[in-house]
Amino acid sequence: MDYMTTKEAAQTWGISDRRVRTLCSSGKIAGAVKDGKSYKIPVAAEKPADARFRSDGNTTTGHKRYLK
């Protein structure tokens with residue numbers, strides 16, 4: 001199986017390296033394994049959905065909220 005680093009995944013998915021590492025540590029990236037201090041992510045892994053918004057784009061208050 002081919003793997004990519006967190007830095008490669010970050011560039012591919014358009015998010016930060018730190019965010020990829022956070023997603024790996026919380027188990028949101030399927031197949032990601034810890035190798036020493038770093039993570040190996042399968043090349044075929046998909047970017048997890050952003051859980052900060054509901055599927056309709058609104059928060060529980062009914063207003064769209066943008067995170068800084």
Side-chain angles (χ1 to χ4, degrees):
M1 179 179 279
D2 291 328
Y3 292 98
M4 61 181 159
T5 64
T6 55
K7 187 177 262 189
E8 292 169 338
Q11 289 176 335
T12 302
W13 295 338
I15 58 178
S16 69
D17 177 55
R18 178 68 184 137
R19 181 69 183 145
V20 173
R21 287 184 276 134
T22 301
L23 291 169
C24 288
S25 67
S26 63
K28 302 214 179 194
I29 299 177
V33 292
K34 190 159 187 173
D35 182 32
K37 292 184 177 181
S38 60
Y39 287 94
K40 290 188 203 177
I41 303 167
V43 174
E46 293 184 19
K47 177 183 174 186
D50 191 352
R52 296 177 292 182
F53 295 105
R54 291 193 334 211
S55 61
D56 63 356
N58 293 323
T59 61
T60 56
T61 62
H63 300 288
K64 195 166 206 171
R65 179 175 166 236
Y66 294 97
L67 301 176
K68 293 183 179 180

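Because only heavy atoms are used, hydrogens play no part in the values below, and waters and symmetry mates are left out as well, while side chains stay in.
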Side-chain atoms of residues 13-24: list all donor-acceptor pairs with protein atoms under 3.5 Å, sequence neighbours left out, distances to 0.1 Å.
residue: Ser16; atom: OG; partner: Arg19; partner atom: N; Å: 3.1
residue: Asp17; atom: OD1; partner: Thr6; partner atom: OG1; Å: 2.6
residue: Asp17; atom: OD1; partner: Lys7; partner atom: N; Å: 3.3
residue: Asp17; atom: OD2; partner: Arg21; partner atom: NE; Å: 3.1
residue: Asp17; atom: OD2; partner: Arg21; partner atom: NH2; Å: 3.3
residue: Thr22; atom: OG1; partner: Arg18; partner atom: O; Å: 3.0

| field | side-chain contact (heavy atoms from CB on, under 4.5 Å) partners for Gln11, two or more places apart | value | none
Show which side-chain atoms of residues 29-49 pair as donor or acceptor with protein atoms under 3.5 Å away, not counting sequence neighbours.
residue: Ser38; atom: OG; partner: Asp35; partner atom: O; Å: 3.2

